[in-house]
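Inspection log for the structure reproduced underneath, given as structure tokens.
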Amino acid sequence: MDVLSRAVMCFCLMGWMTLGWSNAAQYTSINMKSNIDKLKVHYISKDQLFNGKPVFPKDTFEDSERRVWMSVVLDVYRSIFSQMLNQTVDQEVRERLDQVKGKVQETQKHYFLKRIPELRTHLQNLWAIETSNTTVQGKALSEFITIYEKASKLALKIHLKKDNRRKRRQAQRLKSHIM
């Protein structure tokens with residue numbers, strides 16, 4: 001990866017982490033912000049052009065999906081920071097990267113899916129299924145009813161949760177209008 005690409009990627013990364021998604025400033029420590037600001041100075045040159053496209057597009061997922069998505073995003077950040085660590089010899093930069101990477105790992109470990117490597121493997125295996133293979137097609141057909149029943153049950157559960165939330169909101173609005 002050339003220096004300009006690395007710098008653009010780092011700029012996007014640092015921009016996301018410092019500007020963040022909504023309310024990120026509430027959760028980012030002063031120490032973390034300081035580390036990021038100093039890393040930006042080290043990795044991003046003043047004359048560098050930015051194409052306006054974020055590395056990680058804004059998600060439009062529901063909470064259950066967002067947990068999986070965010071865990072994968074944090075995993076990508078760990079990989080980016082590892083690459084940056086491998087490519088620098090500056091001890092101060094290494095220490096800052098270590099601290100930031102450690103915070104990412106801690107956040108991922110404590111608040112997001114702990115089984116992400118297993119989930120990633122399962123997803124990669126699913127995406128690698130040879131859908132044109134007649135043996136695969138036959139096996140998939142024989143397993144279809146079981147899988148479809150599970151999917152339908154999950155869809156109903158999700159629908160009921162949404163419906164219950166809607167009913168609670170309506171009851172809350174009704175209650176606030178009465179008082």
Side-chain angles (χ1 to χ4, degrees), residues 1-131 150-151 154-155 157-158 161-162 165:
M1 183 182 298
D2 66 301
V3 174
L4 183 60
S5 296
R6 236 181 31 189
V8 168
M9 181 174 59
C10 185
F11 179 78
C12 295
L13 164 74
M14 300 308 169
W16 175 77
M17 289 187 76
T18 55
L19 299 176
W21 292 318
S22 64
N23 300 324
Q26 296 177 20
Y27 304 104
T28 308
S29 70
I30 293 171
N31 187 35
M32 175 77 104
K33 288 178 186 177
S34 173
N35 283 335
I36 295 301
D37 287 341
K38 289 181 179 169
L39 287 170
K40 287 193 309 191
V41 168
H42 179 79
Y43 281 99
I44 303 168
S45 64
K46 301 276 186 223
D47 60 336
Q48 181 180 1
L49 298 175
F50 176 64
N51 67 2
K53 296 178 185 174
V55 174
F56 301 100
K58 187 174 180 179
D59 74 276
T60 56
F61 303 112
E62 294 180 13
D63 287 345
S64 59
E65 299 162 329
R66 190 171 288 125
R67 287 183 66 211
V68 173
W69 185 80
M70 187 56 69
S71 185
V72 173
V73 167
L74 291 175
D75 201 40
V76 171
Y77 272 111
R78 282 188 13 219
S79 178
I80 289 170
F81 290 138
S82 293
Q83 288 294 321
M84 292 167 79
L85 275 165
N86 290 339
Q87 295 168 347
T88 189
V89 293
D90 186 317
Q91 190 58 33
E92 183 181 338
V93 171
R94 290 185 67 78
E95 288 171 11
R96 292 185 188 287
L97 285 169
D98 271 332
Q99 290 174 5
V100 172
K101 182 180 173 190
K103 284 303 231 178
V104 169
Q105 286 173 312
E106 182 181 314
T107 301
Q108 187 179 27
K109 178 181 173 188
H110 293 292
Y111 300 106
F112 294 99
L113 298 175
K114 295 174 174 106
R115 297 175 51 191
I116 195 66
E118 183 182 342
L119 178 62
R120 178 182 290 155
T121 301
H122 282 285
L123 290 173
Q124 288 172 337
N125 290 341
L126 284 172
W127 292 322
I129 291 174
E130 295 179 41
T131 56
K150 287 180 183 178
L154 180 59
K157 186 176 177 181
I158 292 168
K161 271 187 175 180
K162 284 182 183 179
R165 277 184 262 163

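Treat the numbers as computed from the prediction; the structure is a model and nothing was measured.
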Results of side chain to side chain donor-acceptor pair (under 3.5 Å) for K101 - residues two or more places apart only:
S82
Evaluate side chain to side chain contact (heavy atoms under 4.5 Å, CB included) for K40 paired with D37, printing each intermediate quantity in order.
CA-CA 5 Å; K40 287 193 309 191; D37 287 341; 3.7 Å; yes
Run R78 and L74 through side chain to side chain contact (heavy atoms under 4.5 Å, CB included) and show every step you take.
CA-CA 6 Å; R78 282 188 13 219; L74 291 175; 5.8 Å; no
Which residues pass the side chain to side chain contact (heavy atoms under 4.5 Å, CB included) test with Q99, sequence neighbours left out?
N31, N35
Contact summary for V93 and L39, nearest pair of heavy atoms:
CG1-CD2, 3.8 Å
Heavy atoms of other groups near I30 CD1, more than 12 under 6.0 Å:
no
Got a sec, which pairs hit salt bridge (charged side-chain N to carboxylate O under 4.0 Å, His left out) with one end in residues 81-95, sequence neighbours left out?
E92-R96
Considering only residues two or more places apart or on different chains, which pairs with a residue in residues 122-131 satisfy side-chain hydrogen bond (donor to acceptor under 3.5 Å, both in side chains)?
none
Kindly compute the distance separating CZ (F81) from CG (N86), expressed to the nearest 0.5 Å.
13.5 Å
Which distance, rounded to the nearest 0.5 Å, do you find between the CE of M32 and the NZ of K103?
6.5 Å
